[in-house]
Number of protein chains: 2
Amino acid sequence: MAGFSRFLAVLRLFDETASAWTVPVMSDALGVPSSTVYRTVRDLVAAGFLEAANDGAYRLGPAFIEYDRLLRLTDPLVAAGRAALHEVVLQARTPCVALLSRLYNDQVMCVADEAARETPFRSSYERGRPMPLAQGATSKVILAHLPARQLNKLIGGPKDPRAAQHGALRRELVDIRKRGYCSTASEIDPGLAGIAAPVIVREAGIVASLSLVANDSMLDESQRRRLVLLVVSAASLVTEALAHTRNPPSTQARSRLVQ
Amino acid sequence: MAGFSRFLAVLRLFDETASAWTVPVMSDALGVPSSTVYRTVRDLVAAGFLEAANDGAYRLGPAFIEYDRLLRLTDPLVAAGRAALHEVVLQARTPCVALLSRLYNDQVMCVADEAARETPFRSSYERGRPMPLAQGATSKVILAHLPARQLNKLIGGPKDPRAAQHGALRRELVDIRKRGYCSTASEIDPGLAGIAAPVIVREAGIVASLSLVANDSMLDESQRRRLVLLVVSAASLVTEALAHTRNPPSTQARSRLVQ
DNA sequence: GTCAATATTCTCATTTTGTGAGAAATGAAT
DNA sequence: ATTCATTTCTCACAAAATGAGAATATTGAC
């Protein structure tokens, strides 16, 4: 391990349950001499990615807040999505949370969320939290619209030992793609239902989903149909907006996008 | 330039007005061969700090969203502040924005904000946006509570050429510290007033301010007094919460904290 | 104040790693 | 098939990170 990976390794130590680290402890955890860790930490502090807490401990630094704002302002998906989410929670006329989510490595991550007023519950999907790939309407819609090759990498191709278990999932995904949306209940949070529709802009390498989370017990059939329509139309509005913000899909490097 | 600074230099290219860069353009802007930039970009993409857009361009990546959430959950100031801001905008009973801000390099940055319902305006202070040090109640409260040495570094010591101009500011800061809060109008946004109170926890190296932004024309004297009380008491609540979350301020490394 | 303890920085010989110029490869569009 | 821009690769070289330990700086306790 060396160079950039040293910095990544230090940052990756920090998570919800371990939010402050001292140099000796990092040194132990990483198996790297403390003099090296001191240098790494000093650079990260200078850059604002870490900052000194008390007792010689360090925590994540404010640079992440700054870059998060930049991304919020400039990322086409997030920018287009935030306005749409606002509309969705307004028009839903029921306690709910609206989410915009995307693929992130081999997980799904929400990149924007908005709750309706007086919404008494929270969704497990929250901005910045990686979530499982194969559960919940939000994730399944994304899976359903991945290119075959990429899907195989993620859930294992036909010769994967657990291919049998994936059979049902794959059939469900085909169905979702046909239908144009996905509706689930209690797959992630007990008692909560999810309704999700795809936001796909291939030329931009964008594969995302717009979803609504509401109390399952408060949804009768007509209500559910109304919300499905709301989510589907909001998702296509976002798709439209993204398709038009695009620079002309002119030259090369298309493959990189789809990754 | 080399090593870590190469990565920082690439990330620093991105801002509100330049949100997508191609490798050749970066290479030009940085004066670094494109083969090197390609390697740097590849590493940043692998880490999620950049991602491929279309046309061979790159934009900021989703890792910032992930780390921002971690920080939101684990940073003591942000965690303690968010609850307080929520209370403040509820009890303000007027359109307003509540902010929690801190020192960030030689600027002031908001780390948490919340708007009251139906607030028709926005404050220039917004989460993650660096703001000037010497304007606005939010910033001045922070300046007023900085250790003398640090203040001198920021606004220039007695022998600074522009020392004369700082005389008035320094007197104002002394006054703010005595008073325990700061109230300004139209210093940042025309027509908006700011009311700020300090959140100081020296042992933790925390120097921050909690502030409220409202329409100046809607504030009569009694209203203003009420809001000052609200802000001051919310700020001391946050201070209390932080003082207690502290690990025993036992061993060393106190100096690093104050930076 | 002195002292002990710990965090942090510094030094330097060694080795690894990044660097840079150009060639080669990739993949999409014509 | 060919063209074009993007991206990766190669390799000799220079530069930077590494690690062990010493030196320094701070702090809390006495």
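Protein chains get the first letters and strands the later ones, always in sequence-line order, with residue 1 at the start of each.
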K.L.:
Looking only at the side chain of Pro33(B) (C-beta and beyond, no hydrogens), which of the listed nucleotides dA21(C), dA20(D), dT7(D) gets closest?
P.N.:
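From the listed options, dA21(C) comes nearest.
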K.L.:
Rounding to a whole Å, what distance do you find between Met26(B):CE and dA5(D):C1'?
P.N.:
16 Å
K.L.:
To the nearest Å, give me how far apart CZ (Phe4(B)) and P (dA16(D)) are.
P.N.:
16 Å
K.L.:
If I compare all heavy atoms of Val108(B) with all of Thr138(B), which pair ends up nearest, and what's the gap?
P.N.:
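The answer is CG1-CG2, 4.5 Å.
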K.L.:
Taking only the side-chain heavy atoms of Thr36(B) (C-beta and beyond), determine which of dT8(C), dT19(C), dC9(D) contains the nearest atom.
P.N.:
dT19(C)
K.L.:
Do the rings of Phe64(A) and Phe49(A) sit parallel, tilted or perpendicular, given the 30° and 60° boundaries?
P.N.:
tilted
K.L.:
Using atom CG of Leu30(A) as one end and atom P of dA17(D) as the other, report the distance to the nearest whole Å.
P.N.:
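Between P of dA17(D) and CG of Leu30(A): 18 Å.
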K.L.:
So, OP1 or OP2 of dA21(C): does either fall under 4.0 Å of a side-chain N or O from Arg39(B)?
P.N.:
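Answer is no, no contact under 4.0 Å.
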K.L.:
When the distance from CZ of Phe7(B) to P of dA17(D) is rounded to whole Å, what number comes out?
P.N.:
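In whole Å, dA17(D) P and Phe7(B) CZ are 11 Å from each other.
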K.L.:
Which whole-number value in Å describes the distance from Asp43(B) CG to dT8(D) C1'?
P.N.:
13 Å
K.L.:
Within the 3.5 Å criterion, strictly below it, is a donor on Tyr104(A) or Glu66(B) matched to an acceptor on the partner's side chain?
P.N.:
yes
K.L.:
Among Arg179(A), Lys178(A), Arg171(A), which one satisfies salt bridge (Lys or Arg N to Asp or Glu O under 4.0 Å) with Asp175(A)?
P.N.:
Arg179(A)
K.L.:
May I have the distance from Leu50(A) (atom CG) to dT8(C) (atom C1'), rounded to whole angstrom?
P.N.:
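It works out to 15 Å between those atoms.
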K.L.:
For a quick test of reading the model: is some side-chain N or O of Tyr38(B) closer than 4.0 Å to OP1 or OP2 of dT7(D)?
P.N.:
yes
K.L.:
Is the phosphate of dT8(C), meaning OP1 or OP2, less than 4.0 Å from a side-chain N or O of Tyr58(A)?
P.N.:
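Yes, within the criterion.
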K.L.:
Are Tyr125(B) and Ser211(B) linked by a side-chain donor-acceptor pair shorter than 3.5 Å?
P.N.:
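Absent: no donor and acceptor within the cut-off.
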K.L.:
Please report, rounded to the nearest Å, how far the C1' atom of dT18(D) is from the CZ atom of Arg42(A).
P.N.:
14 Å
K.L.:
To the side chain of Arg6(A), which of dG19(D), dG20(C), dT8(D) is closest?
P.N.:
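Out of dG19(D), dG20(C), dT8(D), the nucleotide with an atom closest to Arg6(A)'s side chain is dG19(D).
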K.L.:
Could you state the CG-C1' distance from Asp55(B) to dC4(D), rounded to the nearest angstrom?
P.N.:
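Roughly 14 Å, once rounded to whole Å.
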K.L.:
Please tell me which of Thr40(A) and Ser34(B) maps to the more 5' nucleotide of DNA chain D, matching each residue to the nucleotide holding its nearest heavy atom.
P.N.:
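Looking at DNA chain D, the more 5' nearest nucleotide goes with Ser34(B).
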